[in-house]
Amino acid sequence: QVQLVESGGGLVQAGGSLRLSCAASGRTFSNYAMAWFRQAPGKEHEFLAAIRWSGGSTYVADSVKGRFTISRDNAKNTVYLQMNSLSPEDTAVYYCAASPNVVTGTDDVYYWGKGTLVTVSS
């Protein structure tokens with residue numbers, strides 16, 4: 001079992017930045033690939049970014065490429081999502097996810113965090 005706790009969400013003005021963190025506990029964090037998804041009101045989960053257990057390879061959705069960056073610190077059991085140039089369209093609940101392999105869809109996610117709300121004001 002892996003427990004995931006997101007933090008760093010909040011209210012930010014358009015054009016601003018936020019860094020989300022996801023702290024993991026339980027099974028060996030470094031064995032899992034990690035990902036970030038988001039869900040806006042009335043919409044399905046949207047894949048944002050993923051990173052292999054080694055941190056050597058990252059995958060970022062085209063919709064946020066160039067603005068969002070994923071990274072991890074296995075020594076701290078934490079994965080991060082740096083978000084820049086935020087717009088109101090980025091308003092959503094942001095979720096951390098863990099799986100043995102890199103995933104870009106929700107079906108293959110093993111563990112989910114409870115999410116952190118990001119609100120971007122215009």
Side-chain angles (χ1 to χ4, degrees):
Q1 191 78 0
V2 174
Q3 292 79 41
L4 304 173
V5 179
E6 302 94 337
S7 62
L11 177 64
V12 63
Q13 288 189 334
S17 299
L18 280 177
R19 188 176 80 155
L20 305 183
S21 299
C22 172
S25 60
R27 290 180 180 243
T28 305
F29 173 71
S30 60
N31 289 346
Y32 289 85
M34 303 297 296
W36 286 96
F37 292 79
R38 69 184 177 188
Q39 187 174 28
K43 296 187 176 181
E44 296 184 350
H45 281 82
E46 175 189 9
F47 167 76
L48 299 174
I51 187 167
R52 291 193 181 277
W53 67 268
S54 65
S57 297
T58 61
Y59 308 84
V60 182
D62 288 343
S63 59
V64 298
K65 193 169 292 183
R67 299 192 300 123
F68 290 12
T69 303
I70 188 170
S71 61
R72 68 190 292 164
D73 186 337
N74 287 344
K76 296 183 178 180
N77 288 356
T78 302
V79 63
Y80 304 97
L81 185 68
Q82 177 66 44
M83 306 186 297
N84 299 326
S85 301
L86 288 164
S87 73
E89 289 69 35
D90 294 313
T91 294
V93 177
Y94 285 70
Y95 296 92
C96 175
S99 298
N101 301 300
V102 170
V103 298
T104 58
T106 58
D107 288 350
D108 296 322
V109 171
Y110 274 46
Y111 304 104
W112 289 97
K114 292 185 177 181
T116 184
L117 177 63
V118 172
T119 303
V120 184
S121 63
S122 57

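The first residue of the sequence shown is numbered 1, and numbering continues consecutively from there. The shown structure was predicted, so the numbers you read here are calculated from the model rather than taken from an experiment.
- Ring-plane geometry between His45 and Tyr95 is classed as tilted, the angle between the planes lying from 30 to 60 degrees on a 0 to 90 degree scale.
- Within the 3.5 Å criterion, the main-chain N or O of Cys96 finds a donor-acceptor partner in the side chain of Glu6.
- Side-chain N or O atoms of Ser99 include one that pairs as donor or acceptor with a backbone N or O of Tyr110 at under 3.5 Å.
- In this structure a side-chain-to-backbone donor-acceptor pair under 3.5 Å is present from Arg67 to Ser85.
- Atom CZ of residue Phe37 and atom OG1 of residue Thr104 lie 7.0 Å apart, to the nearest 0.5 angstrom.
- Around the OH atom of Tyr59, the shell of radius 6.0 Å holds more than 12 heavy atoms that belong to other residues, nucleotides or ligands.
- The minimum heavy-atom distance between Ala97 and Val109, with the atom names listed, is CB-CG1, 3.6 Å.
- The distance from the OG1 atom of Thr58 to the CZ atom of Arg52 is 10.5 Å, given to the nearest 0.5 Å.
- When all heavy atoms of Ala61 and Phe47 are compared, the pair lying nearest together is CB-O, 3.4 Å.
- Between Arg72 and Trp53, the shortest heavy-atom distance links the atoms NH1-CA, 3.1 Å.
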Show me the donor-acceptor pairs, under 3.5 Å and distance only, between side chains in residues 115-122 and residues at least two apart or in other chains.
residue : atom : partner : partner atom : Å
Thr116  : OG1  : Gly9    : N            : 3.2

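- With hydrophobic clusters built from ILVMFWY side chains whose heavy atoms lie under 4.5 angstrom apart, Leu81 shares a cluster with Val60.
- Within the model, atoms CZ of Phe68 and CG of Leu86 stand 5.5 Å from one another, a figure rounded to the nearest 0.5 Å.
- Residues Ile70 and Tyr111 are members of one and the same hydrophobic cluster, defined by side-chain heavy-atom contacts under 4.5 angstrom among Ile, Leu, Val, Met, Phe, Trp and Tyr.
- Contact detail for Val103 and Ala35: the closest heavy-atom pair is O-CB, 4.2 Å.
- Here the OG1-CE distance, from Thr78 to Met34, works out to 9.0 Å after rounding to the nearest 0.5 Å.
- Considering Asp90, Leu20, Val12, Val64 as possible partners of Met83, the one that fulfils the side-chain contact (heavy atoms from CB on, under 4.5 Å) test is Leu20.
- Remark: Thr69 OG1 to Asn84 CG distance equals 6.5 Å, nearest 0.5 Å.
- Nearest approach of Tyr94 to Arg38, heavy atoms of both residues: OH-NH1, 2.9 Å.
- Atom CD of Gln82 is separated from atom CG of Leu18 by 8.5 Å, given to the nearest 0.5 angstrom.
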